[in-house]
Amino acid sequence: MSSKLVSSIALAACLLASGGAFAEVLYQQAPTADATGESANNPVVTGEPLLFQSIPSLGNVTLEKIVWWGYRNPAYDPNPYPGTVESFEVYLDGSVVAGNLTLDFGSNLPNTSRPLVRYTLDVADAPLTTTEIALANMNDDVSWFWQGAGLDAAGAPLLAFSLEGTRNGGVVPEPGTLALLGLAGLAARAASRKRG
């Protein structure tokens, strides 16, 4: 077998294997401008109910990121994002999920002074078997609202969130495997240049 063919096969295998490593949107209730948000502050302190949203069956998938959108109440927080920030607890089927949280500041919601923020919780990759998501802002100094996403068929408010991950068995190749495949391709290519 020629070294060019070996290097091409190794490169193709590397590209095919990495195809499953890119997160895609598995399910989304996108934020809508005409929807109002729901207050989602610490239920123990405020007495408000914990807000839940149903997750439809998505088949055999791996969850990698949980995304949601929200804003602060400008009546209580005139300076929308001072040093004190939200502190979230995210629940899947009633269990708190840990991860690395990042914030992306978007533009204001139309006809309001509310800056819409996109929150992304990067979680440990795991099969998604849950049917319910909930979240609450646990920082009592911040009045926070979970952005709406319209209404469901029964007229109940939907809240904006997205689940990202991989489909087709939910298998994400190990970075070490991808690196080895790439190195095999480079070695085969170097060997062919040496002979030629």
Side-chain angles (χ1 to χ4, degrees), residues 10 12-32 35 37-44 48-71 85-106 116-139 142 144-150 152-153 156-184:
C14 186
L15 291 173
L16 286 173
S18 67
F22 300 107
E24 63 176 294
V25 174
L26 302 171
Y27 178 76
Q28 179 170 281
Q29 291 176 186
T32 55
E38 299 284 328
S39 179
N41 296 300
N42 188 339
V44 175
E48 298 171 352
L50 189 61
L51 297 177
F52 290 93
Q53 292 288 279
S54 294
I55 301 170
S57 176
L58 301 173
N60 193 6
V61 298
T62 296
L63 179 65
E64 298 172 23
K65 295 179 181 178
I66 302 170
V67 177
W68 65 95
W69 291 264
Y71 59 91
V85 295
E86 303 84 326
S87 174
F88 292 103
E89 282 192 354
V90 179
Y91 304 83
L92 292 176
D93 281 350
S95 297
V96 176
V97 181
N100 182 35
L101 180 66
T102 56
L103 286 68
D104 294 320
F105 294 88
L116 187 62
V117 181
R118 180 181 192 264
Y119 303 86
T120 302
L121 185 67
D122 193 347
V123 299
D125 298 358
L128 179 64
T129 57
T130 58
T131 59
E132 202 169 54
I133 182 174
L135 64 87
N137 165 43
M138 305 308 284
N139 184 344
V142 177
W144 187 82
F145 288 76
W146 192 354
Q147 174 59 29
D152 67 13
L158 295 171
L159 297 170
F161 75 96
S162 176
L163 303 173
E164 298 179 4
T166 54
R167 298 183 189 276
N168 301 327
V171 177
V172 178
E174 292 292 327
T177 302
L178 295 177
L180 285 174
L181 286 171
L183 286 173

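Bear in mind the structure is a predicted one, so any value in this text is a computation, not a measurement.
Looking only at side-chain heavy atoms (C-beta outward), L63 and V123 come within less than 4.5 Å of each other. Looking at L163 and L128, their side chains come closer than 4.5 Å, going by heavy atoms from C-beta outward. Using a 4.5 Å heavy-atom cutoff, the side chains of W146 and Y71 are not in contact. At least one side-chain heavy atom of V67 sits under 4.5 Å from a side-chain heavy atom of R118. When side chains are defined from C-beta on, W68 does not count as touching S162, because their heavy atoms never get closer than 4.5 Å. Residues Y91 and I133 form no side-chain contact, since every pair of their non-hydrogen atoms from C-beta on lies 4.5 Å or further apart. Inter-residue side-chain proximity for I66 and L92 is flagged as met; some heavy-atom pair is nearer than 4.5 Å. Side-chain contact between E24 and R167: present, with at least one pair of heavy atoms (C-beta onward) separated by less than 4.5 Å.
Shown here for L51 and S39, the closest heavy-atom pair between the two residues is CD1-O, 3.5 Å. For the residue pair P43 and L50, the shortest heavy atom distance occurs at CG-CD1, 4.2 Å. Between A30 and A149, the shortest heavy-atom contact is O-CB, 3.1 Å. Nearest heavy atom pair, residue Q147 against residue P31, reads CG-CB, 3.7 Å.
Listed for the D93 side chain is a donor-acceptor partner under 3.5 Å among the backbone atoms of T131.
Atom CG of N137 is separated from atom CG of N42 by 8.0 Å, given to the nearest 0.5 angstrom. In this structure, CG in L121 is found 10.0 Å from CG in L135, a value given to the nearest 0.5 Å. One distance of note links CD of Q28 with CZ of F161; it measures 9.5 Å at 0.5 Å rounding. Between atom NZ of residue K65 and atom OG1 of residue T102 there is a gap of 7.5 Å, rounded to the nearest 0.5 Å. Rounding to the nearest 0.5 Å gives a distance of 7.5 Å between CE of M138 and OG of S87. The line from CD of Q29 to CG of L159 is 7.5 Å long, rounded to the nearest 0.5 Å.
Between W144 and F88, the angle of the ring planes goes over 60°, which puts this pair in the perpendicular group of the 30/60° scheme.
For E132 and S54, the side-chain atoms include no donor-acceptor pair closer than 3.5 Å.
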